[in-house]
S.K.: 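The structure follows.
Values below: all heavy atoms of this structure, side chains included; hydrogens, waters and symmetry mates excluded.
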Number of protein chains: 2
Amino acid sequence: MAEETKVTIDDIAERAKVSKSTVSRVLSGSAVVAQPKRAAVLKAIDELDYRPNIFAQSLASGRSLTIGVLTQNIGSPFYDAILVGIHEGLGGSDYSPIVADGRWHLATEQTALQTLLDRRVDGLIVIGGSVQGSKLLRTVEQVPLIVVARNIPELGSHCICLDNFEAAYRATKHLIEHGHREIAHITGALSQGDAVRRREGYLQALSDAGIKPDPELVVEGNFRRQSGALAVEMLLTRGRMFSAIFAANDQMAFGARLALFRRGLRVPEDVSIVGIDDEPASAYMTPPLTTMRQPAIEMGEAAAHAILCLLNDEPLPNLQFSMELIARETVARHI
Amino acid sequence: MAEETKVTIDDIAERAKVSKSTVSRVLSGSAVVAQPKRAAVLKAIDELDYRPNIFAQSLASGRSLTIGVLTQNIGSPFYDAILVGIHEGLGGSDYSPIVADGRWHLATEQTALQTLLDRRVDGLIVIGGSVQGSKLLRTVEQVPLIVVARNIPELGSHCICLDNFEAAYRATKHLIEHGHREIAHITGALSQGDAVRRREGYLQALSDAGIKPDPELVVEGNFRRQSGALAVEMLLTRGRMFSAIFAANDQMAFGARLALFRRGLRVPEDVSIVGIDDEPASAYMTPPLTTMRQPAIEMGEAAAHAILCLLNDEPLPNLQFSMELIARETVARHI
DNA sequence: TATATATATGAAATCGGTTTCATTACCATA
DNA sequence: TATGGTAATGAAACCGATTTCATATATATA
């Protein structure tokens, strides 16, 4: 491409009249170097605008200064928010994240994981996903691992996740407390544990309130907007009455809200809605969506910090988070 | 961490009874290897589950198999959509993207750029941003570069961008054609060229229709939802009548829509809205937002393909994209 | 059959650092 | 003054691949 007079550590050593060992030492601070020499080295580095070759560094030291991030769906607000947090949390450290996308597809996910491992990441953050815990367990022997937004019992303390059951329970209870009894539920993809647990929380809240769950009122979605709209259509054609909808995430709540709009049903006057996530767009739905807030950015940051701790053999900080009910304007009292 | 009997190329060579040169050759396909030996090597690789050390590869070959992506705002739907496209476009190739975030902050952006360069990326994709063209021009001498969502004249053919002037012109014209004459405009952050060009398109469309632009009807936003809401508040307090709003992006259109809702103004009966971007959420606004579609994912994919072409010394494909009007339900005829 | 050419392979150099180990210089203690 | 210990430094080995170059073998040509 161009002149590209590559400056190497030897050039610095020569110019500073020291050995490359010494240059390496001032670079990494791995040993004390006499002040005059250190100064000479620094000066040479500056004058030649020297940039250590990261491959050579990695090869020799065995560290890549890279954190692998395995996400499931780039472009999804919730997952992206976690990524934001991770970037944030890694900022200032020497580590750069390198993210691979599993696209909620097992084979893709495994390939992505392998790619990350092949790149010899120093740490791994897995967001959601469906790779078996056992496989991850094997991974954890190779590289420090933190799991976000998914609970893997075997990995207990290394998981940053929330109580999905409880979140759903509280969301549903919120509706019940507003007088609703016919509460529909749009589930997430039931192949995912989170979706199942949320449904259980919903069911439990109903029975605790003495309401007999009606199977006709729950329809399976897939966590995406469109499925929320479809679900409402289905609910409506089934003909069962309902005064409220608990959607397993905000995306589906948006979809549901649009479908209701199409049918001329008002929110919240005719139908109340509660979602889960509190993604950035939720506050700007019309009307603003009542939802259970997942602190996605904070969780991402926590994951980054946790990985850094693991890398420095420091004890893990507290990784507990909980959901918070954000009562906005999509829930009305039902008479 | 564990047993970790690292398998190296020498182990493979030994087991397959060939030299490491030969192993390297079958690995990279850089030269013909006799069938029996090739088979032996492959067998050994498989049996030992050998994974080449990427640092050693990179150090020796000078290639990192890594594409740097400099974005400006992880978590923003539009930018994230481009990232999705890039991931998509790189999938299947041997290259992995590594993304750094400039956060629309010059110093941060320069640091991020330097990080990417220090990591010796083989190619660079810059999304938006404000680093001077001249600086990028110097960068382009070090590494193949593609710029997305920003036009840098000096880099002409390496830019994937759209005609913002025209998009704004057509969006405004769409409103005019529906009988609107008092059309407000919420600009983006005017420190960004895109925002300026969109405003110019808006202004031009007005004058071409013989409408005298009213400075009171344009308010500066910053491309974020909240600024859209604020802008509407401001417009309303100014007291100037307007029957339509052209927002420089969808995010601000969402904000505007919420503010109108708060004031009891109906969309589109009382006020029509047009945005720009057509981000995924736009189709789920209530009512669905009329907007100019930017093919973000496609642009990201094109950027990835273009970089790959550059890397293979192939000619660049066509990088022309254009915006398309997506007429949904936020524009009504004004009498 | 002798010679030229092409093909497959291995030995060794190289990429640019880190790290071990030995050496030297210096200071404190006996 | 002799001895032990410490601190700073350089030489050289090493990390694990790619690539150049030389060599041996096979094939084609005269």
S.K.: What are the two closest heavy atoms between A:V33 and A:T22, and how far apart are they?
M.R.: CG1-CG2, 3.8 Å
S.K.: The side chain of A:Y50 is closest to which nucleotide in this list: C:dG10, D:dA17, C:dG17?
M.R.: C:dG17
S.K.: B:S96 and A:R119: side-chain donor and acceptor closer than 3.5 Å?
M.R.: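 There is such a pair between these side chains.
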S.K.: Take atom CG of B:N53 and atom P of C:dG16, then tell me their distance rounded to the nearest Å.
M.R.: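 Rounded to the whole Å, the gap is 17 Å.
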S.K.: For B:G75, is there any backbone N or O sitting under 3.5 Å from a side-chain donor or acceptor partner on B:D80?
M.R.: yes
S.K.: Rounding to a whole Å, what distance do you find between A:D94:CG and C:dT18:P?
M.R.: 12 Å
S.K.: Going 5' to 3' along nucleotides 19-24 of chain C, which nucleotides have protein heavy atoms under 4.0 Å from the base (write B), which only from the sugar-phosphate (write S), and which from neither (write -)?
M.R.: BB----
S.K.: Does a sphere of radius 6.0 Å around CD in A:E47 hold more than 12 heavy atoms from other residues, nucleotides or ligands, not counting ones at 6.0 Å or beyond?
M.R.: yes
S.K.: Identify all pairs in which a protein N or O lies below 3.5 Å from an N or O of nucleotides 22-25 of chain D, and state each distance.
M.R.:
none

S.K.: Whole Å only: how far is the CD1 atom of A:I12 from the P atom of C:dG17?
M.R.: 9 Å
S.K.: Name the closest nucleotide to the A:V32 side chain, picking from D:dA8, D:dG10, D:dG16.
M.R.: D:dA8
S.K.: Rounded off to whole Å, could you give me the CG-to-P distance for the A:D10 and D:dG10 pair?
M.R.: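 A:D10 atom CG is separated from D:dG10 atom P by 13 Å.
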S.K.: Expressed in angstrom and rounded to an integer, what is the separation of A:F55 atom CZ from C:dT18 atom C1'?
M.R.: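 About 17 Å, once rounded to whole Å.
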S.K.: A:K6 NZ to C:dT14 P: how many Å, rounded?
M.R.: 17 Å
S.K.: Strictly below 4.0 Å: does A:T8 bring a side-chain N or O up to OP1 or OP2 of C:dG16?
M.R.: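 For C:dG16, neither OP1 nor OP2 has a side-chain N or O of A:T8 closer than 4.0 Å.
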S.K.: Could you tell me whether B:R224 atom CZ has more than 12 heavy atoms of other residues or ligands within 6.0 Å of it?
M.R.: no
S.K.: Is the shortest side-chain N/O distance from A:K37 to OP1 or OP2 of D:dG10 below 4.0 Å?
M.R.: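 Affirmative; the distance criterion is met.
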S.K.: As a test of reading the structure: which of D:dA17, D:dT9, C:dG10 is closest to the side chain of A:T22, going by heavy atoms?
M.R.: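 For A:T22, the side-chain atoms sit closest to D:dT9.
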S.K.: Can you list every pair that meets side chain to side chain donor-acceptor pair (under 3.5 Å) and has a residue in residues 297-319 of chain B, with sequence neighbours left out?
M.R.: B:R293-B:E298
S.K.: Find out whether A:V147 and A:I160 are in side-chain contact, i.e. whether some heavy atom of one side chain is under 4.5 Å from a heavy atom of the other.
M.R.: no
S.K.: Listed by chain and number, what are the salt bridge (charged side-chain N to carboxylate O under 4.0 Å, His left out) partners of B:D94, not counting sequence neighbours?
M.R.: none
S.K.: Assess, by modelled atom type and distance only, whether the side chains of B:N53 and B:Q57 contain a donor and an acceptor separated by less than 3.5 Å.
M.R.: no
S.K.: Over the length of the helix from C:dT1-D:dA30 to C:dA30-D:dT1, how much do the five-pair end axes diverge, rounded to 10 degrees?
M.R.: 40°
S.K.: For B:V23, report the nucleic acid contact type (base, sugar-phosphate, nothing); a contact means any heavy atom under 4.0 Å.
M.R.: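 Touches nothing.
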S.K.: Just by distance, do the side chain of A:R103 and the backbone of A:T108 share a donor-acceptor pair under 3.5 Å?
M.R.: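 Not at all, since once roles are kept as given, no pair shorter than 3.5 Å links the two residues.
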S.K.: How close or far is atom P of C:dG10 from atom CD of B:E14, stated in whole angstroms?
M.R.: 14 Å
S.K.: State whether the side chain of B:S64 and the backbone N or O of B:R120 hold a donor-acceptor pair below 3.5 Å, judged by distance alone.
M.R.: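 Checked: pair present.
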S.K.: Return the 5'-most residue of the pair B:K17, A:Q57 with respect to DNA chain C, ranking by each residue's nearest nucleotide.
M.R.: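 Closer to the 5' end of DNA chain C: B:K17.
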S.K.: If you measure from OG1 on A:T66 to CD1 on B:I98, what distance do you get to the nearest 0.5 Å?
M.R.: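 Answer rounded to 0.5 Å: 5.0 Å.
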S.K.: Rounded to whole angstrom units, what separation is found between the CG atom of B:L59 and the C1' atom of C:dG17?
M.R.: 8 Å
S.K.: For the side chain of B:Q72 and the backbone of B:W104, is there at least one donor-acceptor N/O pair under 3.5 Å apart?
M.R.: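 Here the side-chain-to-backbone pair exists.
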S.K.: May I have the step-by-step check of side-chain hydrogen bond (donor to acceptor under 3.5 Å, both in side chains) for B:S130 and B:E109, ending in yes or no?
M.R.: CA-CA 8 Å; B:S130 21; B:E109 185 179 355; 3.3 Å; yes
S.K.: Can you give me the closest heavy-atom contact between B:R15 and B:L48, atom names plus distance?
M.R.: NE-CD1, 3.3 Å
S.K.: In residues 112-123 of chain B, which residues come under 4.0 Å of DNA chain D by heavy atom?
M.R.: none
